[in-house]
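A note on names: the letters A, B, ... follow the listed sequences, proteins ahead of strands, and every chain is numbered from 1. Computation of the quantities below employed the complete heavy-atom set of this structure, encompassing side-chain atoms and omitting hydrogens, waters and symmetry-equivalent molecules. Remember, it's a predicted structure, so these values are computed and weren't measured experimentally.
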Amino acid sequence: MNTHPYKPNIATVQDTWYETFGDRCIKTFKVVFDDEEVRDNWTHLPGQCAMIGILGTGESMISISCSPTEGKFLRFSVMRAGKVTKALHELEAGDKMTVRGPYGNTFPVDEWKGKNIITIGGGIGQAPLRPIIEYVRAKKSEYGDLTVVYGARTSADLCFKGEFSELAKVENTSCRLSIDAKEEDWPHYVGFVPALLMEINPSPENTIAITCGPPIMINFVLQNLKKLNFPDDQIYTTLENRMKCGIGKCGRCNAGNLYVCKDGPVFSYAMLKNVPEAFA
Amino acid sequence: MLDLDKLRALAKETISRDDIKYLIGWRQGTYGFRTSPHFVGNLEDAEQLIFSPLCSSNLATYLTLAEKRPVPRGAQPDTRRVAIMVKGCDSRAVVQQLVEQGIKRESVYVIGCPCEGIIDRRKLEEKVPHTLERVEARWENGKIILDLPAGRAAFPRDEIVAGKCLTCRYPNPVIADVTVGEDVEVRGSAGFEDINWLEVKNAQERWAFWRDKVNSCIRCYSCRNVCPMCYCAECILDKLNPAWIQRSVNVSENTAFQLARAFHLAGRCIECGECERVCPVEIPLSHLNRKLVKEVSEQFAFTPGIDPEAKPLLAGYRPNDREAFIL
Amino acid sequence: MSENFEPNVVAFLCNWCSYAGADLAGTSRIEYPPNLNVIRVMCSGRVNPMFVVNALQQGADGVLVSGCHPGDCHYMEGNFLARRRFALMRELLNFVGVDERRFNMSWVSASEGAKWKDVVTGVVNNLQEAGPFTEFPRKKIDW
Amino acid sequence: MKLSKDKLADFLAAIPGKTVFGPQLSGETLRFTPVTRPGNLCPTVNNATVPPKSVVFPQTETMFRFEQGATDIRTAEPSGETVLFGVRPCDARAMSIVDNVFFWDVDDPYYLIRRTNSALVGLACLDPCVNCFCTSMGGGPASTEGLDILLTDLGESYLLEVLTGKGEMLCQSAEKLLSQASSADKEAAKMLQEKAAAQISRQIDPSGIPARLPALWESPIWEKISASCLGCGICTYLCPTCHCFDMQDETEGEESRRYRTWDSCMFSEYTLHASGHNPRPTRRERTRNRINHKFSYFVDKFKVMACVGCGRCINLCPVNIDILDILSQVGEQAL
């Protein structure tokens with residue numbers, strides 16, 4: 001068993017597919033650890049991240065976009081942006097990548113039992129939200145209503161497109177999708193996510209709101225959640241920053257006195273509102 | 001001798017103008033022989049302005065270093081000029097930036113300061129160690145006068161000025177909208193005595209010399225950052241893909257780094273010597289630049305940073321350029 | 001250096017002249033030393049001086065940059081620009097103590113198969129004398 | 001105990017199986033490098049330009065090796081024991097401060113091995129530099145924190161104070177070279193140490209700084225302080241308490257490695273996201289982060305300030321950005 005904090009585990013890509021296309025396309029990887037012992041001992045919860053990479057190229061911190069309830073594999077949805085993610089996008093089924101982790105804290109899923117959950121995502125920001133959606137869905141009886149609000153610039157930019165119609169069929173679950181500008185044959189909302197949130201007008205009563213997306217969207221969603229009278233400790237978000245070590249040593253991921261890799265990535269707004277660099 | 005009151009009056013007049021954003025000059029540092037770049041935004045700031053043999057920084061760096069924050073929607077960009085105090089060598093940096101269109105002539109207001117030589121802090125601290133009290137200095141009759149805590153002391157200029165000043169051919173600013181003080185005599189030698197001794201050694205000896213120096217480089221990049229001519233938006237040293245130079249610190253990468261840095265200044269280096277002054281591990285970086293200055297001058301009869309109308313050396317050619325080295 | 005030292009030479013050849021010249025040498029069955037690793041570039045003006053430094057770092061014992069004769073550049077002035085650049089780079093390398101035999105530049109046209117042979121033979125012979133490049137290759141760094 | 005200076009070489013030679021690092025000229029400046037000839041040691045002049053952190057936390061350190069295309073990862077555990085000779089008390093204290101980072105939550109395996117396998121022989125600082133302010137930061141020219149042995153230069157000999165078990169082990173192997181120190185020797189050393197402490201003229205009371213910094217987050221002082229900053233890495237690379245690093249992969253032929261190398265929060269790439277977004281876009285944010293990290297965040301996390309007052313950043317900053325000046329501005333600013 002590998003206990004070395006910097007030594008990655010080798011994993012094999014089982015399946016890949018594109019979520020979106022274009023210059024900054026998003027590709028999803030389904031991976032399985034090569035070492036059976038690692039596979040069996042791996043435990044993660046929604047919200048956590050892992051350092052994934054390619055030997056000889058480097059590593060990137062990517063949120064795990066599947067729930068442990070889905071099976072003994074991991075899923076990562078990666079946007080093609082920098083050196084490592086560009087190299088990752090070259091990988092196909094059967095190729096090797098490295099994974100170490102899981103890193104960071106988790107959504108407090110036990111605390112939330114019995115509560116309604118509303119997730120508000122934008123663009124690639126849906127990736128860290130997907131595991132909590134799947135987790136709640138798998139344990140539906142333990143949680144209240146689940147509302148998924150998700151938007152992107154165009155319908156082509158939506159991730160996990162195929163999953164929402166199935167999801168909407170689950171009892172006490174609703175899915176609201178949005179795109180920024182009108183498109184033909186688009187049956188859902190047209191406009192920005194914060195506005196859609198106001199239209200849905202969720203009650204803060206016994207409800208947890210989780211948001212993730214581009215900084216500008218997060219800012220407006222937070223403002224709107226405050227308008228909807230959500231208390232600070234019922235609002236959650238996940239942060240991201242550049243990371244290298246993942247274990248609170250290399251120093252770069254701090255927002256104020258918090259290390260995003262150790263103290264985060266999941267934070268309640270109650271915790272973040274006094275952290276100066278949180279939304280920088 | 002420079003009249004500080006006149007300088008400060010000029011500064012006040014300058015920053016009061018509507019077309020000036022701020023003025024970059026020097027002020028006394030926090031201790032000893034230090035001075036610091038000084039950004040004069042109001043009349044009060046102008047009172048701290050100085051110009052003395054201790055004003056080592058080449059302020060032209062700040063013309064390209066200032067980050068451009070996004071202009072808020074609806075707001076007009078601030079197109080006012082930046083006023084900048086320049087010594088002879090610094091003025092050449094301004095000219096070279098103009099040549100390369102790194103800055104526009106209408107965006108700077110140049111205050112020329114003829115200079116008789118800048119103190120090399122390391123040389124002075126060897127003679128006068130442990131000086132905490134702030135010291136003022138001035139040029140007087142070919143000497144440099146220092147008001148030391150122990151009393152006034154006069155040093156022969158050539159003993160304590162930086163190496164670059166001993167070979168300086170342009171002590172008077174080559175570009176200026178206004179000049180402070182009188183023009184001074186050119187005293188620097190036109191030769192390359194500072195590097196000739198190294199050139200005459202054989203290749204093994206030269207490498208032994210450089211290996212030792214380059215080995216101690218800690219890659220803090222202060223030589224690059226302080227250089228008024230290093231203003232690329234993205235430097236090849238920072239590029240990771242492709243990684244021209246690995247981030248690992250060893251003789252191989254350090255040598256590649258120093259060769260890249262020096263070569264990127266070929267035909268551009270204006271010999272302000274800032275790279276060498278700031279190097280925390282005292283690598284004689286000027287030697288590399290001076291070697292290229294020498295070659296540029298001998299092979300192409302070119303001196304950068306003199307003529308704002310000139311063309312960048314390596315962006316042009318003459319059909320009859322020397323090519324004896326080509327097989 | 002020993003007689004049998006076979007230097008590793010990285011050659012940047014311009015597509016229009018020198019590469020064709022080397023090709024002609026080959027098709028004309030002119031024999032020349034096989035020590036070259038040829039990298040075809042569109043123009044000698046495309047060769048960044050950092051290519052030379054990088055080649056030395058990565059294990060080359062010498063570098064050859066070859067382009068069209070002055071005036072014959074496919075892009076009018078690429079080789080003129082390269083000439084200035086490498087005139088300086090050569091001096092800089094030499095100044096830090098890299099043997100001047102390690103950096104070579106030549107003009108070889110598409111019809112000069114024989115000249116190509118002479119250039120390569122000269123470069124390789126010189127490098128055999130100079131020996132392996134030991135100053136700053138990455139290989140020497142103890143990881 | 002006492003060690004005669006002419007027996008120093010024998011003392012160092014008597015340390016069995018350990019590599020001795022000491023301040024020696026490397027190029028033009030002092031840094032801690034393996035001592036091959038004790039005559040090359042320069043322990044009495046100013047402090048080394050590069051702090052001894054470079055021995056336990058090398059600027060470039062291989063983490064593991066692998067072959068291109070293979071999946072076999074061979075970690076590169078550091079081996080061998082070291083003795084750091086001539087460490088200044090400020091730098092020794094800095095190491096115990098950095099320990100906090102590398103040993104919180106998960107131990108950093110590389111640092112752990114190097115740190116456990118090294119003994120620190122300190123040398124009291126009898127002629128402090130102009131910019132030393134160790135006494136303000138909780139240390140002093142003869143502070144023993146983090147040291148295993150403290151030497152005090154008595155002219156012809158060193159007074160040797162053994163501070164830890166590790167220090168005792170070192171002395172055992174050289175027992176014959178040591179003599180008993182008289183009470184006069186101890187008295188003399190104490191006098192010299194006190195004189196040195198009194199010689200430190202730069203002072204500040206930093207106790208209020210951590211509480212003031214959050215309130216000054218949006219203060220215009222950061223704009224002013226950072227205006228002249230060049231964004232180079234001198235202040236952080238040469239700081240004995242700065243510990244940030246970058247991890248990169250490198251390939252030479254078939255062989256590859258992942259290594260770590262010092263990084264600096266003053267570089268713009270440090271926080272640059274792959275998307276192009278930078279949470280600290282200008283030198284203002286980066287300077288503010290550096291000061292906040294040392295005097296606020298670090299205190300929040302580890303209850304100690306990440307500054308020992310060695311004065312290197314003041315001495316070597318190209319544009320005279322003076323950390324004491326910043327702290328006094330922070331202290332004086334109206335909240």
Less than 4.5 Å to any heavy atom of chain B: does that hold for the side chain of D118(C), its backbone, both, or neither?
neither

In terms of heavy-atom pairs under 4.5 Å with chain C, which of R206(B), R211(B), H264(B) leads?
R206(B)

Residue among N202(B), N250(B), V214(B) with most heavy-atom pairs under 4.5 Å to chain C
N250(B)

Side chains of D321(B) and F80(C) in contact at under 4.5 Å (non-hydrogen atoms)
no

At their closest point, which heavy atom of M50(C) faces which heavy atom of A256(B), and how far apart are they?
CE-O, 3.9 Å

Highest number of heavy-atom pairs under 4.5 Å with chain B: which of V119(C), N94(C), N104(C), L64(C)?
N94(C)

Does any part of the side chain of L327(B), heavy atoms only, come nearer than 4.5 Å to the side chain of V123(C), both counted from C-beta?
yes

Donor-acceptor pair, distance only, cut-off 3.5 Å: does the side chain of S252(B) make one with the backbone of F136(C)?
yes

So which residue, T255(B), N254(B), V251(B), ends up with the most heavy-atom pairs under 4.5 Å with chain C?
T255(B)

Tell me which of these, A262(B), P319(B), A260(B), has more heavy-atom pairs under 4.5 Å with chain C than the rest.
P319(B)

Where on R318(B) is there a heavy atom nearer than 4.5 Å to chain C: the side chain, the backbone, both, or neither?
both

Where does I236(B) contact chain C at under 4.5 Å (heavy atoms): side chain, backbone, both or neither?
side chain

So, the part of N320(B) with a heavy atom under 4.5 Å from chain C: the answer is backbone

Donor-acceptor pair between W107(C) and E323(B) side chains, under 3.5 angstrom:
yes

Here the gap from W207(B) atom CH2 to D99(C) atom CG, rounded to the nearest 0.5 Å, amounts to 13.5 Å

Could you report the tightest heavy-atom contact between A266(B) and L88(C), atom names first, then the distance?
CB-CD1, 3.9 Å

When only pairs under 4.5 Å are counted, which of E295(B), Q204(B), K213(B) shares the most heavy-atom pairs with chain C?
E295(B)

On a heavy-atom basis, the closest approach of H287(B) and F95(C) is O-CE2, 3.4 Å

Should K294(B) and E91(C) count as an ion pair when the cut-off is N to O under 4.0 Å?
no

Taking side chain as everything from C-beta outward and backbone as N, CA, C, O, which of these in V96(C) sits under 4.5 Å from a heavy atom of chain B? Side chain, backbone, both or neither.
both

With a distance cut-off below 6.0 Å to the six-membered ring centre and an angular limit of 45° from the axis, does R84(C) pair with F300(B) as a cation-pi contact?
yes

Can you establish whether the number of heavy atoms outside K164(B) located under 6.0 Å from its atom NZ is more than 12?
yes

Which bit of W210(B) comes within less than 4.5 Å of chain C, counting heavy atoms only: side chain, backbone, both or neither?
side chain

Of the listed residues (N54(C), V53(C), L92(C)), which shares the most heavy-atom pairs with chain B below a 4.5 Å separation?
L92(C)

Counting only non-hydrogen atoms closer than 4.5 Å, does Q299(B) touch chain C with its backbone (N, CA, C, O), its side chain (CB onward), both, or neither?
side chain

With a 3.5 Å cut-off and no angle check, do the side chains of Q246(B) and Q57(C) form a donor-acceptor pair?
no

Given a strict heavy-atom distance threshold of 4.5 Å, which part of R85(C) is in contact with chain B: side chain, backbone, both, or neither?
both

Look only at the side chain of R83(C) and the backbone of I326(B), and say whether a donor-acceptor pair between them is shorter than 3.5 Å.
no

Less than 4.5 Å to any heavy atom of chain B: does that hold for the side chain of V108(C), its backbone, both, or neither?
neither

Is it the backbone or the side chain of P137(C) that comes under 4.5 Å from a heavy atom of chain B, or both, or neither?
backbone

Applying a strict 4.5 Å limit to non-hydrogen atoms, the region of A324(B) in contact with chain C is neither

Toward chain C, the part of E253(B) with a non-hydrogen atom under 4.5 Å
both

With the side chain counted from C-beta on, respond yes when L314(B) and L81(C) share a heavy-atom pair under 4.5 Å apart, and no when they do not.
no

Neighbour count >12 (heavy atoms, 6.0 Å) for atom OH, Y19(C)
no

